[in-house]
Amino acid sequence: MKNYLISLIGNAAIKLSYLSSVEPIFSIPKIQGHGDLSTNIALLLSKPLNKSPRDIAKEIVDTLEYDSSILDKIEIAGPGFINFFFNPNYSSGIISKIIEEEENFGRSNKYSGKRGNVEFVSANPTGPLTVGHGRNAVIGDTVANMLEAVGYEVDREYYFNNAGRQMRVLGDSVKKRYLELIGEQISFPEEYYQGEYIKEIALKLQVEFGDNLANESEEGIFKQKAEEEIFSDIKKSLESIGIVFKKYFNEYSLYEQNNIQKTLEDFSKKNLSYEKDGAIWLKLSELGNQEDKVIVKSTGEPTYRLPDIAYHINKLERNYDLIVDLFGSDHNATYPDVLAGCAGLGYNVLTIKVLIHQFVTITEKGEIVKMSTRKANYITLDELVAEVGIDVVRYFFIMRNMSSHLNFDLELAKKHSDENPVFYLQYANARICSILRMTAEQDLILSTEHVDKLNSETEQSLIKKLSQFPEEVLYSAENFEPHKISNYLEETAGLFHRFYNECRIIGSERDLAEARIALITAVRIVIANGLKMLGLSAPERM
RNA sequence: GCGCCAGUAGCUCAAUGGACAGAGCAACAGCCUUCUAAGCUGUAGGUUAGUGGUUCGAGUCCACUCUGGCGUACCA
């Protein structure tokens, strides 16, 4: 539809040459009376032409030659907006299209042939996934879903590191618990991992090996077993909310394949690094950042920056059209270094899109639950899923803008009540399914022959809303904003519920009843497609 | 100190530089002998943290101030 209007303006530009000086932008007005699509082109032209915007608008409208079977009317309103009103019959045509395309309605091929990589979660295997990781996981998976919906072929990737200090501490934490189990006196340092899961891993080792491991190194079987058990739990947690990764990328492989060494040499060759105080520094100040940072410690061990840069180079060399990184806000200081490092080595980092999401604050009984993996003072993702269910967890995590803090009220989420927006959407779907079961018994069938009879204000609003779904999906995908989809679905469900209360099917005359069946079938398709994109179920009965 | 993010109705949050800033919850008043009341309709609730600026037009962009979160490691 937008394309049709753009071509109209294009044709008018033959007579009004000034029209080609601006890109016409069409937007959907918030208010019904302002039409279906609106453009501000006359307002934009007012200054350069030194004429009143309403006069320009009038000149444009007088020049437009349109097909009255598509457009009902064109109005000039307010300071000089041009509002386009669709012919209701044209609008209703969308119903047939939705029913025909069914599960493909909303999807598009704008980016087909493009390959994308979405890296998310990327938690090191030092403990179970917490609620904080949960937000990352759900946003990442949903962003990937949306990119797929507009044609991308997407690889979901999880980057992790099983070496380094934290993992040593983890291994030693398990060892100490193990020694405790076999009866030795131990002291358990405060900075060690305090969680119960450490004791469980130690217990498994004791069951398997008795007390034969007393003299083993904490970096050997203790660390290994811990990583194995924890990773297996992480994967289970993710699977339980419908998330499956294509690739788990181990940082260690970058060492094995000499990528770390090579990156280091490349920096040196380009004179982007130097030695000072026994460490190797990266000249980030020359690459546009604030200050130089250490990439290899004086101990010879790289800091996280070097492998992170090497990892991104690895991703860049895999020739993706789009690389998405999703981090919590605690990482917001690290990505500029990584991007600057890659750019310094001559890579085009414009394909990398870094998304930062803000933290989740859990409140319970009005109190904020502070979380730390190490102190074991946290709520795990598994616990949350067990409490409120997959759908509520997924929905709560994406329903807010990721750049805003998320307040997760445990008490509220636990309530399986009308306070919960997830049920509002699912209820709409269940209601439609129920009506369809009922109408089938009455021998009423779906027909798009008389959709022109769907002319009440409520029906028209609903139809217009449905027609906007593909654009909403595209917009959400291109701007990485999953919460737009949930907002759209809530609005759509709201319009449907209003329709349900105003317009009856059983009892209406046959043509109208069958047209309404077509309409609610279209609504069901849109809601089901939307729920699927968000990874939620669409129950047929509630 | 510096950097990133936020501040919108009592609470949780929407709003693609556009037209009268919208929902849900909570409050109040209505709607079930007819397709699911987990629903609908209505009322009330606002100096969009503040001060300037840019613009025909600012919740949105810019500057400064205030408040909160997260960073600012030879931790990841």
Side-chain angles (χ1 to χ4, degrees), chain A residues 25 27-31 33-34 38 40 42-44 46-47 52-53 77-81 83 122-124 126 160-161 164-167 251 276-281 289-291 293-305 307-308 328-336 356-359 361 399-409 412 416-424 426-428 430-439 441-442 444 471 475 479 481 483-484 486-487 490-491 493-494 496-508 513 516-517 520 541-542:
Chain A
I25 292 168
S27 57
I28 299 162
K30 287 177 197 161
I31 294 159
H34 292 159
S38 172
N40 61 352
L43 293 157
L44 296 175
S46 166
K47 187 105 183 198
S52 109
F81 290 102
N83 296 335
S122 297
N124 289 338
T126 58
F160 71 99
N161 160 15
R165 201 180 73 88
Q166 290 307 315
M167 291 300 288
E251 181 189 309
K276 193 180 93 183
D277 306 330
I280 298 174
W281 296 67
N289 286 11
Q290 291 242 313
E291 51 188 3
K293 297 272 173 65
V294 169
I295 48 175
V296 180
K297 301 183 219 173
S298 53
T299 59
E301 217 178 341
T303 65
Y304 66 89
R305 276 182 205 93
D308 273 9
S329 64
D330 55 338
H331 282 65
N332 80 64
T334 74
Y335 75 89
I356 302 283
H357 68 87
Q358 297 299 313
F359 274 9
T361 313
M399 73 186 198
R400 304 299 181 213
N401 194 325
M402 71 176 92
S403 65
S404 295
H405 288 255
L406 177 67
N407 234 311
F408 200 115
D409 185 335
L412 195 106
H416 287 237
S417 76
D418 54 353
E419 288 172 47
N420 211 318
V422 186
F423 298 126
Y424 188 74
Q426 294 181 327
Y427 185 58
R431 232 180 189 179
I432 292 170
C433 292
S434 166
I435 298 170
L436 293 176
R437 284 191 296 269
M438 214 63 93
T439 51
E441 281 172 24
Q442 305 264 332
L444 289 165
E471 282 172 51
Y475 183 89
N479 294 283
E481 294 187 3
H483 76 282
K484 289 274 187 185
S486 62
N487 284 349
E490 281 182 40
E491 286 165 14
F496 164 74
H497 287 307
R498 200 168 91 198
F499 162 87
Y500 174 86
N501 277 273
E502 278 177 26
C503 308
R504 297 197 57 79
I505 293 174
I506 295 167
S508 295
R516 282 178 174 167
I517 291 175
I520 64 167
R541 291 173 203 270
M542 283 174 76

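Each chain gets a letter, A, B and so on, in the order the sequences are listed, and its residues count up from 1. Model, not experiment: these values are computed from the prediction. Below, all heavy atoms of this structure are taken into account, side chains as well, without hydrogens, waters or symmetry copies.
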Margin query: What contact category does A:T299 fall into here, base, sugar-phosphate, or nothing, at under 4.0 angstrom with non-hydrogen atoms?
Written below: nothing

Check: Counting only Watson-Crick or G-U wobble pairs whose two distances fall under 3.5 Å, which nucleotide matches B:U54?
Finding: none

Note to self: Categorize A:H331 for me: base, sugar-phosphate, or nothing, with a 4.0 angstrom heavy-atom threshold over every strand shown.
What the structure shows: base

Notebook entry, point to check: Considering only the P atoms, how many Å lie between B:C13 and B:C70, rounded to the nearest integer?
Noted result: 16 Å

Notebook entry, point to check: Of all the choices, B:C74, B:A14, B:U36, which nucleotide is nearest to the side chain of A:N401 once you look at every atom?
Noted result: B:A14

Next item on the list: Determine whether A:Y304 and A:N161 make a side-chain contact, defined as any pair of heavy atoms from C-beta on separated by less than 4.5 Å.
Entry: no

Any N/O pairs under 3.5 Å between the protein and nucleotides 27-34 of chain B? List them or say none.
| from | atom 1 | to | atom 2 | distance (Å) |
| --- | --- | --- | --- | --- |
| B:U34 | O2' | A:R504 | NH2 | 3.3 |

Notebook entry, point to check: Phosphate oxygens OP1/OP2 of B:C35: is one of them under 4.0 Å from a side-chain N or O of A:S508?
Noted result: no

Check: Does a nitrogen or oxygen in the side chain of A:S403 sit under 4.0 Å from OP1 or OP2 of B:A6?
Finding: yes

Note to self: If the cut-off is 4.0 Å, is A:Y500 near the phosphate of B:A37, judged by side-chain N/O to OP1 or OP2?
What the structure shows: yes

Check: Applying a 3.5 Å limit to both distances, which nucleotide forms a Watson-Crick or G-U wobble pair with B:U33?
Finding: none

Next item on the list: Go through B:C35, B:A38, B:C56 for me and flag the one nearest to the A:L44 side chain.
Entry: B:C56

Margin query: For B:A76, does the base pair up with any side-chain atom of A:Y304 as donor and acceptor (N or O, under 3.5 Å, distance only)?
Written below: yes

